[in-house]
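Structure first, then comments.
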Amino acid sequence: MLNIVLFGPPGAGKGTQSEKLIARYHLTHLSTGDLFRKHIAEGTDLGRAAQRYMDEGNLVPDEVVIGMVKDKIVNTPDSQGFIFDGFPRTVAQAEALDAFMEENGTPITMMLALTVDEEELLKRLLKRGKISGRPDDQDPEKIRNRFAVYQRETTPVAEYYKKQGKYHEINGVGSIEDIFNQLTAVIDANK
Ligand code: AMP
């Protein structure tokens with residue numbers, strides 16, 4: 001079973017590359033941001049609990065995120081593997097994910113980290129905000145806060161997987177196809 005953590009700051013291209021990787025390797029997409037947006041659209045309690053954090057570009061509390069992820073994994077029993085997109089975003093989330101996956105006998109195979117500089121990210125997010133209407137992609141101040149949160153809380157997650165020898169870095173600037181080819185080369189060499 002191939003379980004990939006696709007890592008990188010907001011706007012790095014995780015969603016775009018996830019779609020292509022899913023098609024190639026028959027994986028299940030697990031994007032916590034997408035799951036929250038679905039809950040909000042459906043007006044669930046979980047959506048209500050998450051919305052105020054998302055509106056400010058802050059992280060939803062770990063226990064809420066972890067519960068939602070476990071639920072999704074348990075309810076996808078036939079999966080051939082997962083691609084985790086936007087999760088884990090804190091070391092506590094990474095530890096909880098590891099414990100849960102080890103218990104299931106389906107550990108995380110590798111982390112693939114897309115690197116993109118902040119000015120390029122800001123440009124991409126503002127463009128995405130115009131197209132998608134995502135409120136958290138339209139305000140430069142909120143976007144800057146997401147970068148700061150990413151630096152403070154999420155970058156340590158890369159260290160966590162480096163220590164396990166599972167970390168691989170890919171330059172996230174270039175054509176979608178080029179980046180995809182680099183990702184598949186790393187996956188095929190390490191799966
Ligand atoms: P994304 O679509 O991944 O950019 O996530 C959008 C927003 O959802 C983030 O800014 C957070 O408020 C929230 N979110 C998504 N994933 C997580 C996570 N793993 N931990 C905490 N908050 C999250």
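We use all heavy atoms of the structure for the numbers below, so side chains are in, but hydrogens, waters and symmetry mates are not. Whatever order the structure lists ligands and atoms in, that order sets their numbers, starting from 1. These figures come from a predicted structure and were not determined experimentally.
Residue Gln17 holds its CD atom at 9.5 Å from CD of Gln182, rounded to the nearest 0.5 Å.
Using a cut-off of 4.0 Å between Lys/Arg side-chain N and Asp/Glu carboxylate O, Glu120 and Arg124 are scored as salt-bridged. Classification of Asp137 and Arg128 as a salt-bridged pair holds, one side-chain N sitting under 4.0 Å from a carboxylate O. Using a cut-off of 4.0 Å between Lys/Arg side-chain N and Asp/Glu carboxylate O, Glu42 and Lys38 are scored as salt-bridged.
Taking the side chain as every heavy atom from C-beta outward, Phe82 and Thr76 approach each other to under 4.5 Å.
Protein residues with any heavy atom under 4.0 Å from ligand 1: Thr32, Gly33, Phe36, Arg37, Met54, Asn58, Leu59, Val60, Val65, Gly86, Phe87, Arg89, Gln93, Arg134, Asp136, Arg146.
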Could you list the donor-acceptor pairs under 3.5 angstrom formed by side chains in residues 183-191, with sequence neighbours left out?
residue, atom, partner, partner atom, Å
Thr184, OG1, Phe180, O, 3.3
Thr184, OG1, Asn181, O, 3.0
Asp188, OD1, Tyr25, OH, 2.8
Asn190, ND2, Val186, O, 2.7

